[in-house]
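See below for the structure under consideration.
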Amino acid sequence: RRREQDHLSPVDGAAVGADEVRGAALGGSLTNIAVLVPLLFLSGFTGKTFGPLSLTLLIAFSSSIIVALVLVPLFSTYIKSQTGKKDIGNRAVHIISAPFNWAMERLKRFYLRLLRGSLRHRWVVAIAAAALLAGGIAGIRALGMDVLPKMDTGSFYVSLQTPSGSSLAETERVVRDVEELIRKEKEVQIIQSQVGFEQGMRSLSSFGVQGPTQGFITVTLTDRDQRADTVWDIEGRIRQGIARVPGIEVATVREMGNTARATTSAPIVVRITGDDPLVLDRLGLAAEKRLAKVPSVVAPMRSWRIDQRQGRFDIDVLKATQLGVTPVMVGQTLLAGTDGLTAGDYFGDSGTPLPIQVSFREEQRQTPVDLLRFPLFTAATRDPVPLGELARHREVVGQGLVT
């Protein structure tokens with residue numbers, strides 16, 4: 001190599017050196033770009049999280065290539081043309097850069113010695129690289145991986161369900177028992193509970209359908225630096241305590257906000273499809289029991305059940321047709337009498353509109369027999385017809401959630 005350079009002119013030597021630097025800079029940046037480009041095509045939560053970050057880094061690396069191949073040579077040419085002008089500024093720059101140049105020179109010498117030794121013992125280097133790769137793979141398999149590291153934000157929730165047909169008062173009693181269990185943890189600061197469901201209410205329940213058998217409890221702990229136990233330690237104790245509380249059909253305990261998402265979803269989801277809900281329910285129960293036997297699986301649960309008691313009204317279609325009543329009219333009458341209808345807004349002294357909800361009195365809508373007394377107004381009769389003249393009520397057991 002030295003003999004070849006002896007025959008090169010200074011201009012040719014500069015061109016060779018520039019090509020080497022240009023190739024090294026371009027190769028280093030393209031290696032990083034090749035790693036980042038596939039991240040742009042990821043889908044789901046991972047793609048939404050890492051896609052913008054990858055795009056930002058791609059723009060940065062591309063800009064660095066332009067700077068290294070275009071701007072740096074231009075500035076170098078300009079600085080070289082000014083080297084003959086000795087002034088105080090150049091001496092100051094030399095003094096400031098001297099420690100950095102000294103350190104880089106020592107680093108270069110160390111790297112050259114390491115490179116010479118590696119070239120003399122290439123098989124040793126290859127075996128060491130293979131061993132490091134195998135050790136890294138084994139370490140990843142032993143420790144596991146997460147898309148994002150877990151964060152102990154000090155919040156978790158308890159979602160529970162009482163047996164089908166339980167009253168609101170029974171569910172409230174169960175929720176109070178769970179609250180007393182949670183209060184035994186000294187790290188607990190705030191407990192907020194929801195029992196049952198009403199229109200407009202939002203809940204992060206694990207069961208999909210809200211009703212009188214549902215309870216939802218949100219717990220806030222002290223700051224992480226003020227407690228010795230993690231939120232997962234406390235969840236484990238709460239989970240064991242809930243298993244001893246009577247009157248709970250199923251319950252889940254999950255942390256909130258430990259990733260970029262507001263809540264955590266189950267990391268393993270089993271989906272079963274088919275035409276017969278009864279067969280699906282049986283298969284789902286079998287899958288739930290098998291998953292419970294897997295080590296490290298915590299509280300597997302079904303998001304649907306076929307044990308919810310429901311009331312249905314069967315309409316005498318012939319009689320309803322004679323009176324000019326449609327099933328939609330029956331449904332609207334039931335909705336108006338129970339949940340009520342909005343009749344307008346009331347503007348009080350504060351000026352804030354308050355919705356006016358009109359329904360039958362509470363004592364007139366307690367049982368299915370009361371609902372059958374709701375009046376139906378028809379065009380065929382002068383007087384309203386009780387709902388019981390056209391329909392009958394029956395209790396069934398079915399799904400609360402249809403997927």
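Looking only at distances, a side-chain donor or acceptor of Gln357 sits under 3.5 Å from a matching main-chain atom of Gly340. Between the side chain of Gln366 and the main chain of Glu362, a donor-acceptor pair closer than 3.5 Å is present. Checking side-chain atoms of Asp152 against main-chain N and O of Val231 turns up a donor-acceptor pair under 3.5 Å. The main-chain N or O of Leu278 is found under 3.5 Å from a side-chain atom of Asp276 such that the two form a donor-acceptor pair. No donor-acceptor distance shorter than 3.5 angstrom exists from the side chain of Arg309 to the backbone of Ser164, with no hydrogens or angles considered. Proximity of a side-chain donor or acceptor of Ser166 to a complementary backbone N or O of Pro163 within less than 3.5 Å is detected. Using modelled atom types, one side-chain atom of Arg227 and one backbone atom of Asp229 make a donor-acceptor pair closer than 3.5 Å. In this structure a side-chain-to-backbone donor-acceptor pair under 3.5 Å is present from Thr171 to Pro212. Of the possible donor and acceptor atoms, none in the side chain of Arg239 sits under 3.5 Å from a partner among the backbone N and O of Ile242. The backbone N or O of Ala103 sits nowhere less than 3.5 Å from a side-chain atom of Arg106 that would complete a donor-acceptor pair.
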For this session: Could you please spell out the steps behind the salt bridge (charged side-chain N to carboxylate O under 4.0 Å, His left out) verdict for Glu172 and Arg176?
Result: CA-CA 6 Å; Glu172 184 177 2; Arg176 292 189 183 279; 3.0 Å; yes
For this session: Apply side chain to side chain contact (heavy atoms under 4.5 Å, CB included) to Leu160 and Val250, showing your working.
Result: CA-CA 6 Å; Leu160 61 89; Val250 62; over 6 Å; no
For this session: Begin with the C-alpha distance, continue with both residues' side-chain angles, and end with the deciding distance and a verdict on side chain to side chain contact (heavy atoms under 4.5 Å, CB included) for Arg254 and Phe156.
Result: CA-CA 5 Å; Arg254 290 182 183 174; Phe156 67 91; over 6 Å; no
For this session: Decide yes or no on side chain to side chain contact (heavy atoms under 4.5 Å, CB included) for Leu354 and Phe347, but give the supporting numbers first.
Result: CA-CA 6 Å; Leu354 300 175; Phe347 293 85; over 6 Å; no
For this session: Could you go through the salt bridge (charged side-chain N to carboxylate O under 4.0 Å, His left out) check for Asp370 and Arg365 one step at a time?
Result: CA-CA 5 Å; Asp370 296 333; Arg365 48 186 172 91; over 6 Å; no
For this session: Could you give me the CA-CA distance, side-chain angles and deciding distance for Arg173 and Asp177, then say whether salt bridge (charged side-chain N to carboxylate O under 4.0 Å, His left out) is met?
Result: CA-CA 6 Å; Arg173 182 197 64 77; Asp177 292 341; 2.7 Å; yes
Problem set entry | Asn32 vs Leu57, side chain to side chain contact (heavy atoms under 4.5 Å, CB included): CA-CA, chis, key distance, verdict | CA-CA 9 Å; Asn32 295 325; Leu57 292 177; over 6 Å; no
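With values rounded to the nearest 0.5 angstrom, Arg224 atom CZ is found 6.0 Å from Thr230 atom OG1. Here CD of Glu185 is found 8.5 Å from CG of Leu221. Values are rounded to the nearest 0.5 Å. Here the straight-line distance linking atom CG of Leu372 with atom OG1 of Thr367 works out to 8.5 Å at 0.5 Å rounding. The OG atom of Ser64 sits 11.5 Å away from atom CG of Leu71, with the distance rounded to the nearest 0.5 Å. Residue Leu42 holds its CG atom at 9.0 Å from CZ of Phe50, rounded to the nearest 0.5 Å. Rounding to the nearest 0.5 Å places CG of Leu39 at 8.5 Å from CG of Leu53.
Inter-residue side-chain proximity for Leu371 and His393 is flagged as unmet; no heavy-atom pair is nearer than 4.5 Å. For the pair Leu376 and Pro384, the minimum side-chain heavy-atom distance is 4.5 Å or more. Between Lys319 and Val325, every side-chain heavy-atom pair lies at or beyond the 4.5 Å cut-off. Put simply, the side chain of Tyr157 does not reach to within 4.5 Å of the side chain of Val253, judged on heavy atoms. In this structure the side chain of Lys108 never reaches within 4.5 angstrom of the side chain of Tyr111, judged on heavy atoms. A 4.5 Å side-chain heavy-atom check between Val188 and Arg183 finds every atom pair outside the cut-off. Using a 4.5 Å heavy-atom cutoff, the side chains of Val178 and Val175 are not in contact. Side-chain contact between Ile217 and Val219 is present, with at least one heavy-atom pair separated by less than 4.5 Å.
The two residues Pro246 and Val174 make their nearest non-hydrogen contact at O-CG2, 4.0 Å. Considering all non-hydrogen atoms of both residues, Pro277 and Ile306 come closest at O-CD1, 3.3 Å. For Leu280 against Ile272, the heavy-atom pair with the smallest separation is CD2-CG2, 3.6 Å. Pairing each heavy atom of Pro375 with each of Thr333, the nearest pair is O-CG2, 3.6 Å. Of all heavy-atom pairs between Gly337 and Ser359, the closest is O-CB, 3.7 Å. For the residue pair Leu181 and Gly241, the shortest heavy atom distance occurs at CD2-C, 3.4 Å.
A salt bridge links Arg109 and Glu105; the closest N-O separation between the charged side-chain nitrogens and carboxylate oxygens is under 4.0 Å. Using a 4.0 Å cut-off between charged nitrogen and carboxylate oxygen, Asp316 and Arg392 do not count as a salt-bridge pair.
For CG of Asp275, the number of neighbouring non-hydrogen atoms (other residues, nucleotides, ligands) closer than 6.0 Å is 12 at most. Other residues, nucleotides and ligands contribute only 12 or fewer heavy atoms inside 6.0 Å of the CZ atom of Phe100.
Gln214 and Gln161 form a side-chain donor-acceptor contact under 3.5 Å, judged by distance and modelled atom types alone. For Glu255 and Thr153, the side-chain atoms include no donor-acceptor pair closer than 3.5 Å.
A side-chain contact (heavy atoms from CB on, under 4.5 Å) with Thr162 is found for one member of Thr213, Val195, Leu168 and no other, namely Thr213.
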